[in-house]
A.B. asks: 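My structure is below; once you've seen it, I'll send some questions.
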Amino acid sequence: MIRVPVSGAGFQPYEVLVGRGLTPRIGELCAPFVKGSVAVVTDETVAAIHGPAVLGALETVGVKARLIAVPAGEASKSFAELERVLDRLLAAGLDRSDLVVALGGGVVGDLAGLAAALFMRGVDFVQVPTTLLAQVDSSVGGKTAIDTPRGKNLVGAFHQPRLVVADIDALKTLPPRQLRSGWAEVLKHGLICDAALFDWLGGEGAAGAAGDPAALERAVARSVEIKAEVVGQDERESGRRALLNLGHTFGHALEAELGFGDALTHGEAVALGCAMAFRFSAGQGLCAPADAERAEAGIAAAGLPTRLDQAGAFAVDALMTRMAGDKKAVGGRLTLILAHGIGRAFVAKDVDGDALRAFLIAEGATG
């Protein structure tokens, strides 16, 4: 088991545990943080696969646990489901001494984390991510949120977990598309600040995208190390943490236009967004065209989309409106994460709107 510490000036330190065979040990791993009872928030799909084992592991160490399941899918990141989870916590008689466990992917982690932040003005919670996407990204760093019809993750709070347990064995249950979607975030970390990681992912490490547990363990651990370092320096995304949003402004706009449905997963949107960010960077003379081509090739080799027409048809005005409403925009000025090369991402403020519009049209958006 690999232990990755996460610490910063504004929050209590915690660990991310990465390894195999951790789910049966959830009880002993969570025990130090349990003062009363535990509510395990999950989705209906994960409840059927991992719910009995997690409840059993908690009960084995004498912890009273109950399961709260929401419908699977991005639609559960909503005011309606947030209210339902909070009502279930209240109905169960939980108080400030109790613990929330988020068992599932990024949707469950975001929803349960926000519920924990709001319940009784904040209770402890533990992240038990069961998807690759959640293990390498959303479970670490304390960002919790729900979506609104106006955009993704626009209502939320920073609420750090007390512990993150990333069991590589849990990834065995993932369909190939979901595994590839998580791999997009691993690739993103290499593109942001670790060219050597990006090279490894395209070589020996590529086996991880197909489910090899040893490669997955290494990829998850390195991704968590990168995110932990960034979060420790900038918890509230006022500076360097914004780099972790490489590809997200493009990707979130595409997701929103498609209604957050199955046409494009979040990981696929991020992958496509990263490719677009590199092409836009190259077009603006910020990085060499060869770097954009290399980034695109690495993403495509993992079976992820790199071109707009692979996701659907989009109107340029709609995309521009979505991107202008992104939470990284300040005072109406657009901020993008762009790159000077592989592993050399940077925050670009006040991006030229005309240049971006022309780029989106060149990418295939209709004018």
Side-chain angles (χ1 to χ4, degrees), residues 73-78 105-107 110 131 133-134 137-138 143 145-156 177-178 180-188 191-192 242-283 292 295-296 298-300 302-329 334-339 345 348 351 353 355-367:
E74 186 76 23
S76 282
K77 281 179 55 171
S78 65
V107 168
D110 274 7
T131 66
L133 183 62
D137 184 52
S138 59
K143 288 170 91 174
I146 57 172
D147 303 333
T148 82
R150 296 185 181 276
K152 188 176 176 70
N153 296 331
L154 294 181
V155 176
R177 187 185 183 193
Q178 256 196 304
R180 289 195 303 271
S181 292
W183 200 249
E185 291 283 355
V186 182
L187 290 166
K188 180 200 75 175
L191 290 171
I192 289 169
L243 294 176
L244 296 171
N245 290 308
L246 176 68
H248 282 62
T249 301
F250 287 110
H252 283 173
L254 300 177
E255 283 185 278
E257 280 301 291
L258 293 171
F260 302 112
D262 292 334
L264 193 69
T265 69
H266 177 63
E268 289 167 348
V270 169
L272 176 50
C274 285
M276 293 176 72
F278 265 82
R279 287 197 295 271
F280 183 67
S281 297
E296 181 176 346
I299 294 167
L304 292 160
T306 60
R307 293 285 170 175
L308 206 56
D309 60 7
Q310 293 174 277
F314 301 92
V316 66
D317 288 340
L319 291 180
M320 289 292 293
T321 298
R322 295 285 188 186
M323 294 175 76
D326 185 84
K327 60 184 180 297
K328 293 180 290 301
L334 190 64
T335 296
L336 291 178
I337 311 306
L338 301 177
V351 173
L356 180 60
R357 182 183 176 85
F359 169 75
L360 290 173
I361 292 173
E363 288 282 299
T366 56

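Residue indices begin at 1 and follow the sequence shown. Every value quoted in this text rests on a predicted model; they were computed, and no experiment measured them. Hydrogens, waters and symmetry mates play no part in the numbers below; they use all other heavy atoms, side chains included.
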A.B. asks: For V316, give me all partners under side chain to side chain contact (heavy atoms under 4.5 Å, CB included), at least two apart in sequence or on another chain.
C.D. replies: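 Per chain and number, V316 pairs via side chain to side chain contact (heavy atoms under 4.5 Å, CB included) with M320, R357, L360, I361, A365.
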A.B. asks: D309: which residues meet the salt bridge (Lys or Arg N to Asp or Glu O under 4.0 Å) condition with it, sequence neighbours left out?
C.D. replies: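 By the salt bridge (Lys or Arg N to Asp or Glu O under 4.0 Å) rule, D309 matches no residue at all.
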A.B. asks: Which pair of heavy atoms, one from K188 and one from V270, lies closest together, and at what distance?
C.D. replies: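 What the structure gives for the nearest pair is CD-CG1, 4.2 Å.
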A.B. asks: Sequence neighbours excluded, which residues qualify as ring-ring contact (aromatic ring centres under 6.0 Å, His included) partners of F260?
C.D. replies: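 Partners of F260 by the ring-ring contact (aromatic ring centres under 6.0 Å, His included) criterion come out as none, since no residue qualifies.
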A.B. asks: For R150, is the CZ atom crowded, meaning more than 12 foreign heavy atoms sit under 6.0 Å from it?
C.D. replies: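 No, because the 6.0 Å sphere around CZ of R150 holds 12 heavy atoms or fewer from other groups.
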A.B. asks: How long is the gap from CG on L308 to CG on L319, to the nearest 0.5 Å?
C.D. replies: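 CG of L319 is found 6.5 Å from CG of L308.
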A.B. asks: Using the test side-chain hydrogen bond (donor to acceptor under 3.5 Å, both in side chains), find all partners of Q178 that sit at least two apart in sequence or belong to another chain.
C.D. replies: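 Counting only residues at least two positions away or on another chain, Q178 forms no side-chain hydrogen bond (donor to acceptor under 3.5 Å, both in side chains).
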A.B. asks: Atom CZ of F250 and atom CD1 of I337: how far apart are they, to the nearest 0.5 Å?
C.D. replies: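 Here the interatomic distance stands at 11.0 Å.
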A.B. asks: If a pair satisfies side-chain hydrogen bond (donor to acceptor under 3.5 Å, both in side chains) and one of its residues is in residues 358-367, list it, with sequence neighbours excluded.
C.D. replies: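 Every side-chain hydrogen bond (donor to acceptor under 3.5 Å, both in side chains) pair that includes a residue of residues 358-367, provided the two are not neighbours, is R279-E363.
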A.B. asks: Which distance, rounded to the nearest 0.5 Å, do you find between the CD of E74 and the CD1 of I146?
C.D. replies: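 So the gap between those two atoms works out to 11.0 Å.
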A.B. asks: NZ/K152 to CG/L254 distance, rounded to the nearest 0.5 angstrom?
C.D. replies: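 Nearest 0.5 Å value for the NZ-CG distance: 12.0 Å.
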A.B. asks: With sequence neighbours left out, write down each residue that passes side chain to side chain contact (heavy atoms under 4.5 Å, CB included) with A318, or none if nothing qualifies.
C.D. replies: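 If we apply the side chain to side chain contact (heavy atoms under 4.5 Å, CB included) test to A318, skipping adjacent residues, the hits are E257, A315.
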A.B. asks: CG of L304 to CH2 of W183: how many Å apart, nearest 0.5 Å?
C.D. replies: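 Between atom CG of L304 and atom CH2 of W183 there are 10.5 Å.
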A.B. asks: For L133, which residues count as a side chain to side chain contact (heavy atoms under 4.5 Å, CB included) partner, sequence neighbours excluded?
C.D. replies: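 Partners of L133 under the side chain to side chain contact (heavy atoms under 4.5 Å, CB included) test: T131, E185, H266.
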A.B. asks: With side chains defined as the heavy atoms from C-beta onward, is the minimum distance between D147 and N153 less than 4.5 Å?
C.D. replies: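 Counting from C-beta outward, D147 and N153 do come under 4.5 Å.
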A.B. asks: Go through the structure and list residues passing side-chain hydrogen bond (donor to acceptor under 3.5 Å, both in side chains) with D110, not counting sequence neighbours.
C.D. replies: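 By the side-chain hydrogen bond (donor to acceptor under 3.5 Å, both in side chains) rule, D110 matches K77.
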A.B. asks: Tell me every residue that passes side-chain hydrogen bond (donor to acceptor under 3.5 Å, both in side chains) with S181, counting only those two or more places apart in sequence or in another chain.
C.D. replies: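 S181: side-chain hydrogen bond (donor to acceptor under 3.5 Å, both in side chains) contacts with T265.
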A.B. asks: What is the minimum heavy-atom distance between M323 and A253, and which atoms define it?
C.D. replies: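 Looks like CG-CB, 3.8 Å.
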A.B. asks: If you look at every heavy atom in T306 and I299, which pair is closest and at what distance?
C.D. replies: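 Shortest heavy-atom separation between T306 and I299 comes out as CG2-CG2, 3.6 Å.
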A.B. asks: So which heavy atom on A184 is nearest to which on G267, and how close?
C.D. replies: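 Heavy-atom minimum between the residues: CB-O, 3.2 Å.
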A.B. asks: Which heavy atom in A134 sits nearest to a heavy atom in S138, and how many Å separate them?
C.D. replies: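 For A134 versus S138, the nearest heavy atoms are CA-OG, 3.3 Å.
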A.B. asks: Looking at CG of L187 and CD1 of I192, how far apart are the two atoms once the value is rounded to the nearest 0.5 Å?
C.D. replies: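 Answer rounded to 0.5 Å: 11.0 Å.
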A.B. asks: Of all the heavy-atom pairs spanning A339 and F278, show the shortest one and how long it is.
C.D. replies: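 Closest heavy-atom pair between A339 and F278: CB-CZ, 3.5 Å.
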A.B. asks: Please list all pairs passing the salt bridge (Lys or Arg N to Asp or Glu O under 4.0 Å) test where one or both residues lie in residues 267-277, with sequence neighbours left out.
C.D. replies: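 For residues 267-277, and leaving out neighbouring residues, the salt bridge (Lys or Arg N to Asp or Glu O under 4.0 Å) pairs sorted by first residue read R177-E268.
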